[in-house]
There are 2 protein chains.
Amino acid sequence: MKDYKKTLLYKKIIDLTDMTELSLDKLFNVITIKQIKKHENILNQGIICRNIFFVENGYLRIYTDKDGKEINTDFIFENSFTTNLKSLRLAIPSDTTFQAGELSTIYEFDKDILLALYKESPEIESFGRKLLEQLLIAQEEHANLFKIFKPEERYKYLQTNKPELLQRVSLSQISSYLGVARETLSRIRKK
Amino acid sequence: MKDYKKTLLYKKIIDLTDMTELSLDKLFNVITIKQIKKHENILNQGIICRNIFFVENGYLRIYTDKDGKEINTDFIFENSFTTNLKSLRLAIPSDTTFQAGELSTIYEFDKDILLALYKESPEIESFGRKLLEQLLIAQEEHANLFKIFKPEERYKYLQTNKPELLQRVSLSQISSYLGVARETLSRIRKK
DNA sequence: GTGTACCTGTGACAATCATCACAAACTAAA
DNA sequence: TTTAGTTTGTGATGATTGTCACAGGTACAC
């Protein structure tokens, strides 16, 4: 990958770690860039996940199919990492699909290549650890949405904490994410 | 810490990594052992979390206080790690309390000491990364409980996937964990 | 054993939310 | 602009769950 110093990912890594140029080169050398159109998938439910993703542009909608209905479990916007770690680490089929919500630019790290780099370079493994920390903190936060708040409170939480989500994602998609019927969210919003 | 090779934690680490004796010694040398009685806390809501915990014996109930009511967000049994990563890494007050559900033996890793060890030994940082992977996989799984399942399905999920939880934790505590009223869970269970 | 404190079961009722049906509003392409 | 397709708003109704009240059970201390 060329000219990587202009990317959001580069800034993110610099922000997260104090990696040497050598390690940065190694890391960016193994990245795959993907452009995916709206409604295209980058990981399918039932397939084993082999990558860690970084959203450089656009956003991903992560959902699971339950009895023919799609339930959104997450939205990942620019400047964030994501993966299905359970599938990645245990080599079991993913229970979620990763789909572009807009035309998106995604950077992919191959799991096996990354693990090999960890052994080569402690700096890169340190990056891997910090990446996981970010994922875990985000996940802790989201899980609390459901454990602590009632539907109306969840919507208010998004208003104050994730306003960009409300702007960029349609009401029906958000309702699935918040675990309420579309009609219910419509009524909550009227207030 | 002496005789650590008899502990669950030792087996866990051996299982997770291929650490040298030297690193194992370093790691176990900085562990603090705590015996906590039932209903005693090992981390209080409002306090900054400075430790990663391993439950060698007994179990921890993790809850958050909302408007005077306790909402259980997790139960951590023997042979598992836990922490409040958001509080630990961002140095902000914890939004949860960690309380013993039985007389418990807890091993504590101090965050600052662990971070220092990471710099000393890539092997230990590798352990840190794998520890985070475990936490994240557990969290992914638990979050799905709420996003995908209805109350009755959540109970069935526990029956098949976490039977020990149903045996060791009282109905009212479980109901708080599942996000339903005690009475509702009582009725679900009758079926 | 006896009492006290805590936990669980159960009925009645209220509140919340899901579902269904359809109208209105919006969007994008011809 | 027109039109077809998608998304959102809204009313009616039923199902699920929460809340309140109280009875019965269980466990532990004295």
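The chains referred to below are lettered A, B, ... by the order of the sequence lines, with proteins before strands, and numbering in each begins at 1.
In the model, A:E78 has no side-chain atom that pairs as donor or acceptor with a side-chain atom of A:N57 under 3.5 Å. With hydrogens and angles left out, the side-chain atoms of B:T96 and B:Q45 include no donor and acceptor closer than 3.5 Å.
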Step-by-step ring pair (Phe, Tyr, Trp, His ring centres under 6.0 Å) determination, B:F75 to B:Y177: CA-CA 9 Å; B:F75 291 95; B:Y177 177 65; 5.3 Å; yes
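For the pair B:R129 and B:E133, the salt-bridge criterion is met [side-chain N within less than 4.0 Å of a carboxylate O]. The residues A:R168 and A:E102 are annotated as salt-bridged, a charged nitrogen and a carboxylate oxygen being separated by less than 4.0 angstrom. Electrostatic pairing of A:E125 and B:K130 does not count as a salt bridge here, judged by no charged N lying under 4.0 Å from a carboxylate O. Under the 4.0 Å criterion applied to side-chain N and carboxylate O atoms, A:K191 and A:E152 are assigned as salt-bridge partners.
Few gaps surround CG on B:N161; more than 12 heavy atoms of other groups in view lie less than 6.0 Å from it. Residue A:K11 qualifies as enclosed at atom NZ: its count of foreign heavy atoms under 6.0 Å is above 12.
Atoms CZ (A:R168) and P (D:dT7) sit 18 Å apart, rounded to a whole Å. Between the CG atom of A:L171 and the P atom of C:dA25 there is a distance of 16 Å, rounded to whole Å. Here C:dT8 presents its P atom at 9 Å from CD of B:Q173, a figure rounded to the nearest Å. Separating the NE2 atom of A:H39 from the C1' atom of D:dG5 is a distance of 13 Å, rounded to the nearest angstrom. Atom CG of B:L178 and atom C1' of D:dT16 are 16 Å apart (whole Å). As a whole-Å value, the separation of B:K150 NZ from C:dA18 P is 10 Å. What separates CD of B:E153 from P of C:dA18 is a distance of 14 Å, to the nearest Å. Rounded to whole Å, the distance from CG on B:L166 to C1' on C:dC7 is 16 Å.
Regarding contacts with the backbone of D:dT6, every side-chain N or O of A:S170 stays at 4.0 angstrom or more from both OP1 and OP2.
Sorted by residue number, the members of residues 180-190 of chain A with any non-hydrogen atom under 4.0 Å from DNA chain D read A:R182, A:E183, A:S186, A:R187, A:R189, A:K190. Of the residues in residues 58-75 of chain B, none has a non-hydrogen atom less than 4.0 angstrom from any atom of DNA chain D.
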